[in-house]
A.B. asks: 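Mind looking over this structure? Questions follow.
Order of listing sets the numbers, starting from 1, for every ligand and every atom in it.
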Amino acid sequence: MQIKKVTDTLNRPLRDLRISIIDRCNFRCQYCMPADLFGPDFAFLPKSELLSFEEIERIATIFVGLGVEKIRLTGGEPLLRNDVHILVKKIASIEGVKDIGLTTNGVYLPKYAKELKAAGLKRVNISLDTLNDALFGEINGRQVGTKPVLKGIMAAKKAGLEIKINMVVKKGLNDHEIIPMAQFCKDHGLHLRFIEFMDVGSTNGWKMDDVITKKEIYQILKSHFDMQPANPNYYGEVAKRYIYTDNGVEVGFITSVSEAFCSTCTRSRLSANGQIYTCLFNGNGYDIRDFMRNGASDEEIRARIIEIWNGRTDRYSEERTAETARQRKKIEMSYIGG
Ligand code: SAM
Ligand code: SF4
Ligand code: SF4
């Protein structure tokens, strides 16, 4: 059996894999894991339900055999899991892996950046939605100021990791921080990516009116900075990228709501408990963990992944309406990590 090569909307090549390695987090960002719903009694996954590093390595190796070149580790907060560098090393040694990234809130980077880099990690995406301490504390739901994240950014820089800063923009919450964040990142040579607020999961109270679109953010930026479009780096690149003309620093947009990119969506996701999702907005995943734990061979797992990928019809961002956002059951972001 082969992965189909056709690249119309419903038949896309499999190129990258995003792996959530833990569903827990030290933050409770209001657009992701609102504190009132993810309280002290929230039942996160017990360790036995999480994929072990060996299981992740095995599944990742099979995915790479099917065309995956880029792997990103995420969560929850991935650095809450012990010894992530060991997993990075395992993934880096899979033949065919060209790129390994990690998405993190940055708090534990001062502790781990150096060993992650030594293990083979190439890049980190660090989430920061404002430079204002009080607002940041309100957004992360834990009243943590920006300092730990800024220290994380510095540690990643010192370790030699490539860095992107992810800023989710929500109308009325942090849109006034667009220019200060852009200026800060530009001055420090950091690639900032503005992410449109999305209706992931069913707990973040998303409304279309809360979304500031790429077009709106771009207009705000244009009034302060000279920018020019950058050419896409590769097929299926998710970010629309620009360059500041005076210093060449990049700035990008993830336009998941206003300009859907489903027709070139080459990403599969593996949740912390070993379910495959072919779309960020799926309600249910396809089990691979129990299949594997019940003795499936590599060939059987491979055949199952091919069947799942070839049967893929998802294009949620092209179909989204206020109605689907409200009614459709969708996996929570903390399980599949964006
Ligand atoms: N904890 C890590 C972090 O925050 O970077 C990794 C997991 S987090 C779920 C991955 C990314 O998803 C972060 O950049 C976060 O800002 C983004 N995200 C979470 N909820 C979102 C939402 N409702 N809309 C858009 N992006 C969101
Ligand atoms: Fe945690 Fe990241 Fe979600 Fe914030 S966005 S609650 S840091 S997983
Ligand atoms: Fe891919 Fe689903 Fe996002 Fe479309 S909505 S780009 S299919 S993850």
A.B. asks: What atoms in ligand 1 come closer than 4.0 Å to a heavy atom of T74?
C.D. replies: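 Reading through ligand 1 atom by atom, the close ones are 6 (C), 7 (C).
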
A.B. asks: Verify the cluster assignment for I331 and L37: are they in a single hydrophobic cluster under the rule of side-chain heavy atoms below 4.5 Å apart?
C.D. replies: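 No.
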
A.B. asks: Verify the neighbour count for atom NZ of K164: are there more than 12 heavy atoms of other residues, nucleotides or ligands below 6.0 Å?
C.D. replies: yes

A.B. asks: Do Y31 and D129 have a side chain donor and acceptor closer than 3.5 Å?
C.D. replies: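 The answer is yes; a qualifying pair exists.
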
A.B. asks: Using only heavy-atom distances, determine whether the side chains of T103 and R72 contain a donor-acceptor pair under 3.5 Å.
C.D. replies: yes

A.B. asks: State whether C29 contributes an N/O/S atom found under 2.8 Å from atom 4 (Fe) of ligand 2.
C.D. replies: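 So C29 counts as coordinating atom 4 (Fe) of ligand 2, yes.
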
A.B. asks: Please list, in number order, the atoms of ligand 1 under 4.0 Å from a heavy atom of N204.
C.D. replies: 23 (N)

A.B. asks: Using a 4.0 Å cutoff against the non-hydrogen atoms of S317, which atoms of ligand 3 qualify?
C.D. replies: 5 (S)

A.B. asks: Any carboxylate oxygen within less than 4.0 angstrom of a Lys/Arg side-chain nitrogen, looking at R267 and D16?
C.D. replies: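 Salt bridge present between R267 and D16.
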
A.B. asks: Quick one: nearest non-hydrogen protein atom to atom 8 (S) of ligand 3, plus distance?
C.D. replies: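 Going atom by atom, the protein heavy atom closest to atom 8 (S) of ligand 3 ends up being L280 N, 3.4 Å.
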
A.B. asks: Would one find an N or O of D129, backbone or side chain, under 3.5 Å from an N or O of ligand 1?
C.D. replies: no

A.B. asks: If the cut-off is 4.0 Å to any non-hydrogen atom of I195, which atoms of ligand 1 fall inside it?
C.D. replies: 25 (C), 26 (N)

A.B. asks: CD/Q183 to CG/L221 distance, rounded to the nearest 0.5 angstrom?
C.D. replies: 10.5 Å

A.B. asks: Run the numbers for me: atoms of ligand 1, each under 4.0 Å from some heavy atom of F197, listed by number.
C.D. replies: 23 (N), 24 (N)

A.B. asks: I'd like to know whether ligand 3 has R267 as a neighbour, heavy-atom separation below 4.0 Å.
C.D. replies: no

A.B. asks: Can you list the ligand 1 atoms lying under 4.0 Å from a non-hydrogen atom of N105?
C.D. replies: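 Taking each heavy atom of N105 in turn, ligand 1 has 2 (C), 3 (C), 5 (O) under 4.0 Å.
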
A.B. asks: Checking a contact table here: which protein heavy atom is nearest atom 4 (Fe) of ligand 3, and how many Å away?
C.D. replies: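 I find the closest protein heavy atom is C262 SG, 2.3 Å.
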
A.B. asks: Go through ligand 3 atom by atom and flag the ones less than 4.0 Å from a non-hydrogen atom of F261.
C.D. replies: 6 (S)

A.B. asks: Give a yes or no answer on whether the side chain of R18 reaches the backbone of S268 with a donor-acceptor pair at less than 3.5 Å.
C.D. replies: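 No: the side chain of R18 does not pair with the backbone of S268.
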
A.B. asks: Heavy atom under 4.0 Å from ligand 3: found in M198's side chain, backbone, both, or neither?
C.D. replies: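 Contact part for M198 vs ligand 3: neither.
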
A.B. asks: Verify whether one side chain among N132 and T130 offers a donor that lies under 3.5 Å from an acceptor in the other.
C.D. replies: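 Checked: N132/T130 side chains show no N/O donor-acceptor pair below 3.5 Å.
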
A.B. asks: Which of the atoms in ligand 3, numbered in the order shown and given with their element, are less than 4.0 Å from a heavy-atom of C279?
C.D. replies: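 Counting atoms of ligand 3 from 1, those under 4.0 Å from C279 are 2 (Fe), 5 (S), 7 (S), 8 (S).
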
A.B. asks: Got a salt bridge between R193 and E250, using NZ or NE/NH1/NH2 to carboxylate O under 4.0 Å?
C.D. replies: no

A.B. asks: More than 12 foreign heavy atoms under 6.0 Å from NZ of K114: is that the case here?
C.D. replies: no

A.B. asks: Considering only the protein, which heavy-atom contact is closest to atom 1 (Fe) of ligand 2, and what is its distance?
C.D. replies: C25 SG, 2.3 Å

A.B. asks: Output the list of atoms in ligand 1 that are nearer than 4.0 Å to some heavy atom of E77, sorted by atom number.
C.D. replies: 1 (N), 2 (C)

A.B. asks: I'd like to check which ligand 1 atoms, numbered from 1 as shown, lie under 4.0 Å from a non-hydrogen atom of N166.
C.D. replies: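 With N166 as reference, the close atoms of ligand 1 come out as 14 (O).
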
A.B. asks: Would Y242 and Y218 count as a close aromatic pair, with their ring centres under 6.0 Å?
C.D. replies: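 Yes, they do, as the ring centres are separated by less than 6.0 Å.
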
A.B. asks: Going by atom types only, do E196 and S258 share a side-chain donor-acceptor pair under 3.5 Å?
C.D. replies: yes

A.B. asks: At under 4.0 Å between heavy atoms, which part of T103 makes contact with ligand 1: side chain, backbone, both or neither?
C.D. replies: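 The answer is both, backbone and side chain.
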
A.B. asks: Indicate yes or no: does D314 engage R312 in a salt bridge with an N to O separation below 4.0 Å.
C.D. replies: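 Between R312 and D314 there is a salt bridge, with a charged N closer than 4.0 Å to a carboxylate O.
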
A.B. asks: Return yes or no for this condition: an N or O of N125 is under 3.5 Å from an N or O of ligand 1.
C.D. replies: no

A.B. asks: Using a strict cut-off of less than 4.0 Å between a Lys/Arg side-chain nitrogen and an Asp/Glu carboxylate oxygen, indicate whether D99 and R123 qualify as a salt bridge.
C.D. replies: yes

A.B. asks: Using a strict 4.0 Å cut-off to heavy atoms of C265, name the atoms of ligand 3 that fall inside it.
C.D. replies: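 Atoms satisfying the 4.0 Å criterion: 1 (Fe), 6 (S), 7 (S), 8 (S).
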
A.B. asks: If we check side-chain contact (heavy atoms from CB on, under 4.5 Å) with I100, which of these qualifies: L121, L116, L87?
C.D. replies: L121

A.B. asks: Identify, by atom number and element, the atoms of ligand 2 in contact range of N105, meaning under 4.0 Å from any of its heavy atoms.
C.D. replies: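 Heavy-atom distances to N105 below 4.0 Å select 7 (S).
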
A.B. asks: Mark up the atoms of ligand 2 that fall under 4.0 Å of a heavy atom belonging to G76, in ascending order.
C.D. replies: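 Once the distances to G76 are compared, the set is 8 (S).
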
A.B. asks: Among the heavy atoms of G76, does any lie under 4.0 Å from an atom of ligand 1?
C.D. replies: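 Distance cut 4.0 Å: G76 passes for ligand 1.
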
A.B. asks: List the closest protein heavy-atom neighbour of atom 3 (Fe) of ligand 2: residue, atom name, distance to the nearest 0.1 Å.
C.D. replies: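 The answer is C32 SG, 2.4 Å.
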
A.B. asks: Atoms of ligand 3 less than 4.0 Å from Y316 heavy atoms?
C.D. replies: 5 (S)

A.B. asks: Using a strict cut-off of 4.0 Å, indicate which atoms of ligand 3 neighbour a heavy atom of R269.
C.D. replies: 8 (S)

A.B. asks: Could you check whether any heavy atom of R312 sits closer than 4.0 Å to an atom of ligand 3, since that is the contact criterion I want to use?
C.D. replies: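 Yes.
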
A.B. asks: Between D199 and N204, does any side-chain donor sit less than 3.5 Å from a side-chain acceptor?
C.D. replies: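 No, no side-chain donor-acceptor pair sits under 3.5 Å.
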
A.B. asks: Is E196 close enough to touch ligand 1? Criterion: a residue heavy atom under 4.0 Å from a ligand atom.
C.D. replies: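 Flag set, E196 near ligand 1.
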
A.B. asks: Answer yes or no: is there an ion pair linking E55 with R293, defined by an N-O contact shorter than 4.0 Å?
C.D. replies: yes

A.B. asks: Which of the atoms in ligand 1, numbered in the order shown and given with their element, are less than 4.0 Å from a heavy-atom of V200?
C.D. replies: 22 (C), 23 (N)

A.B. asks: Suppose I only count heavy atoms of F281 and a 4.0 Å limit; which atoms of ligand 3 are within that range?
C.D. replies: 5 (S)

